[in-house]
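Computed over heavy atoms, backbone and side chain alike; hydrogens, waters and symmetry mates excluded.
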Amino acid sequence: PYNSVENFFRTGDVINTSINIRGNSEDGKLAYNVNYGHLDETGFTPGNNVRRNTLAVGGRAQLTNNFTVSATLNFSRNDVASPPVAASRGNGTLGFSTFANVFFTPRSVDLMGLEYTIPETGGSIYYRNGNDIINPRWSVDNAGSTQLTNRVFGTAQLQYDFSDNLNVLYRAGVDFYNERNTQYVNKNGVNFNQAINGQYITWDNNVRIWDHYITVNGDYEITDDVGITFTAGATSRSREFDQQGVQSDGQIVFGVLRHFNFLTQQPIQNTNFRNIVGIFAETSIDYSDFAFLTISARNDWVSNLPTENNNQFYPSVSASFLPTAAFPSIRSSEWGLNYLKLRAGIGTSAGFPTGFPTVQNLNLATNVNGGNIGPVTTNAISSFRANPDLKPELISEFEVGFDSRFLNNRVNLNVSYFDRSTEDLIVFKPLAPSSGFTQTQDNIGKVEGDGWEVDLCVDLFKSDKEDGFNWNSRVNFT
């Protein structure tokens, strides 16, 4: 037998380098940070490599006029290459896959010793009589995908302190990245059309995200026992996605991977945009450091739903109580009950669809084979049916439980009961093809779930010395 699998794969390696420079002024009011990182990874599969470079700079300055400014800026360049990968069924694959064909090779076949290329055509040749499986060594040499990602993201923040108890804060963030993708395979392979005829696909994904966040924050002591903190503000988050590319099929000259060397070309184009604007407020009240109450509410508006359905209001409230702080007599400093916290809360959040699910799409195809009349242009309604009545989904959760510590803090026991539900759940719903459509997005009923969560942590051995022997065991149950 031959060790084809072992000999095909290789030993991977990772080289990671990081350099950091940071500093601050003597009074701590000015600080800066610069970081550079480099990753070079060679995968255990031939044709798989990752190379990444990152650079990050940041700083913070507390000015004399009650302003504090801070900012971060990051750049990363990530270059990935991979051979064809797809799911395997043990006997055959669901796509063009190097892995599956390696493991499907019998041990009686010398994968690394036999020829894998037909000299006259450059095509794939394998051990089977019908030559109906692509040789994985041919795949590594003649097919694969690459992705080069350049990304810039950062935040800038400005805070003004009216007093020690009240301030206003504005933060803006931007995240932009370009993904340059290539997927290719030379012709004269077998089994799959793209491998038989050759295929070359290039496309760019451009994503731009803008975040805006502004709040007014306060922290006051009402009495010696009562304190209150509050936050009120607004947010905006917009995401724009733009995809442009070309798919070329039917390679003319083997080995030339350029669009002009293919018989047909099809455009790849997709655009997506969504903006979510929200206002929110939160207030927390504490009493003598043993009773706490938090109330919050938020309303969001989304751009890709009709006006009558494009907003969702979701409030939340939570409370906690520390009996061991309110009644010190029940608290033991050593081997009894060291800490107990009772808590309960009701929280809600919203979910919004992506894309443009309420607008009917039109598919336009050019250069379609029209037989004797030659190429034609076709227009067709998308198989996805728009739903103008779609609305946001509302996720709700009720939770009650306690956190406790016993036996000189060596035993921690946390128990929670939760009840979650989702109303107007957004799902893709299949449709009968006789309707002219195959699917749509809709709000489907209500989904509920409840259960218990228990977390037990025990320090079996706990040394008083910093470098002593410690043994901790944790058990989780849900």
Side-chain angles (χ1 to χ4, degrees), residues 11-20 22 24 28 31 33 35 37-39 41 43-44 50 52 54 56 58 72 74 76 219 227 229 231 282 284-294 296 316-349 395-422 448-478:
T11 301
D13 61 74
V14 179
I15 300 175
N16 203 340
T17 305
S18 180
I19 301 173
N20 181 263
R22 60 183 177 180
N24 57 268
N33 182 78
N35 186 81
H38 174 77
L39 171 70
E41 179 176 346
F44 62 85
V50 178
R52 181 185 302 124
T54 59
T72 62
N74 304 269
S76 68
D219 186 352
T229 62
T231 298
E282 179 178 285
S284 297
I285 302 172
D286 66 270
Y287 179 77
S288 294
D289 293 330
F290 64 74
F292 305 88
L293 176 67
T294 300
S296 63
S316 299
V317 60
S318 63
S320 60
F321 176 64
L322 279 66
T324 47
F327 311 107
S329 59
I330 69 172
R331 184 179 71 241
S332 171
S333 60
E334 294 186 356
W335 299 104
L337 175 64
N338 308 126
Y339 174 83
L340 178 62
K341 177 182 179 180
L342 308 177
R343 49 184 168 76
I346 300 176
T348 55
S349 62
I395 301 99
S396 304
E397 180 173 354
F398 167 73
E399 183 173 315
V400 62
F402 68 85
D403 304 330
S404 60
R405 295 196 294 267
F406 305 88
L407 305 180
N408 201 20
N409 294 314
R410 296 182 62 165
V411 178
N412 291 261
L413 176 63
N414 304 324
V415 179
S416 299
Y417 169 78
F418 63 88
D419 188 341
R420 302 189 184 110
S421 66
T422 302
E448 295 181 311
D450 64 325
W452 291 86
E453 293 179 350
V454 180
D455 180 54
L456 176 64
C457 180
V458 180
D459 291 324
L460 301 175
F461 293 94
K462 188 174 182 180
S463 174
D464 295 330
K465 299 179 180 179
E466 185 177 346
D467 57 349
F469 177 74
N470 295 279
W471 184 2
N472 178 279
S473 180
R474 182 182 293 271
V475 178
N476 298 282
F477 170 79
T478 301

Would N476 and R474 count as a side-chain contact (heavy atoms from CB on, under 4.5 Å) if you check the C-alpha gap in whole Å, the side-chain angles of each, and the deciding distance to 0.1 Å?
-> CA-CA 7 Å; N476 298 282; R474 182 182 293 271; 4.0 Å; yes
Are V317 and L293 close enough, and set up right, to give a side-chain contact (heavy atoms from CB on, under 4.5 Å), and what steps lead you there?
-> CA-CA 8 Å; V317 60; L293 176 67; 4.0 Å; yes
Using the side-chain contact (heavy atoms from CB on, under 4.5 Å) rule, take V415 and L413 through it: C-alpha gap first, then chi angles, then the decisive distance, then the call.
-> CA-CA 7 Å; V415 179; L413 176 63; 4.1 Å; yes
Kindly determine whether R420 and I395 satisfy side-chain contact (heavy atoms from CB on, under 4.5 Å), including the steps that lead there.
-> CA-CA 7 Å; R420 302 189 184 110; I395 301 99; 5.9 Å; no
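Shortest non-hydrogen contact noted between S332 and G336 is OG-N, 3.1 Å. Nearest heavy-atom pair, K462 versus N408, reported as atom, atom and distance to 0.1 Å: NZ-O, 4.3 Å. Smallest separation of non-hydrogen atoms from S463 and G468: OG-CA, 3.3 Å. Taking both residues in full, the closest heavy atoms of G347 and S316 are given as CA-OG, 3.3 Å, listed atom of the first, atom of the second, then distance.
For the side chain to side chain contact (heavy atoms under 4.5 Å, CB included) with R405, the qualifying choice from N412, V411, N414 is N412, the only one to do so. Checked against D459 for a side chain to side chain contact (heavy atoms under 4.5 Å, CB included), the options L407, N470, N472 give a single hit: N472.
Take F44 and apply the ring pair (Phe, Tyr, Trp, His ring centres under 6.0 Å) test, not counting sequence neighbours, and it matches F9. Residues passing the side-chain contact (heavy atoms from CB on, under 4.5 Å) test with R22 are N20, N33, sequence neighbours excluded. Considering only residues two or more places apart in sequence or on other chains, R343 meets the salt bridge (Lys or Arg N to Asp or Glu O under 4.0 Å) condition with E399, D403. Remark: F461 engages F469, W471 in a ring pair (Phe, Tyr, Trp, His ring centres under 6.0 Å) (not counting sequence neighbours). Checked against side-chain contact (heavy atoms from CB on, under 4.5 Å), T324 has the following partners two or more places apart in sequence or in another chain: I330, R331, L337, Y339, L340.
Between the side chain of N338 and the backbone N or O of N409 there is at least one donor-acceptor pair closer than 3.5 Å. At distances below 3.5 Å, not a single donor-acceptor pair connects side-chain atoms of T348 with backbone N or O atoms of S396. With D467 contributing its side chain and K465 its backbone, the two residues share no donor-acceptor pair below 3.5 Å.
I19 contributes atom CD1, which lies 11.0 Å from atom NE2 of H38 (distance to the nearest 0.5 angstrom). Residue N35 holds its CG atom at 6.0 Å from OG1 of T54, rounded to the nearest 0.5 Å. Interatomic distance, OG of S318 versus CD1 of I346, reported as 10.0 Å (0.5 Å rounding). F321 contributes atom CZ, which lies 7.0 Å from atom CG of L342 (distance to the nearest 0.5 angstrom).
Applying the ring-ring contact (aromatic ring centres under 6.0 Å, His included) test to residues at least two apart or on different chains, the pairs with a partner in residues 399-419 are Y417-W452.
Under a cut-off of 6.0 angstrom, the local environment of OH in Y287 is sparse, with at most 12 non-hydrogen atoms contributed by other residues, nucleotides or ligands.
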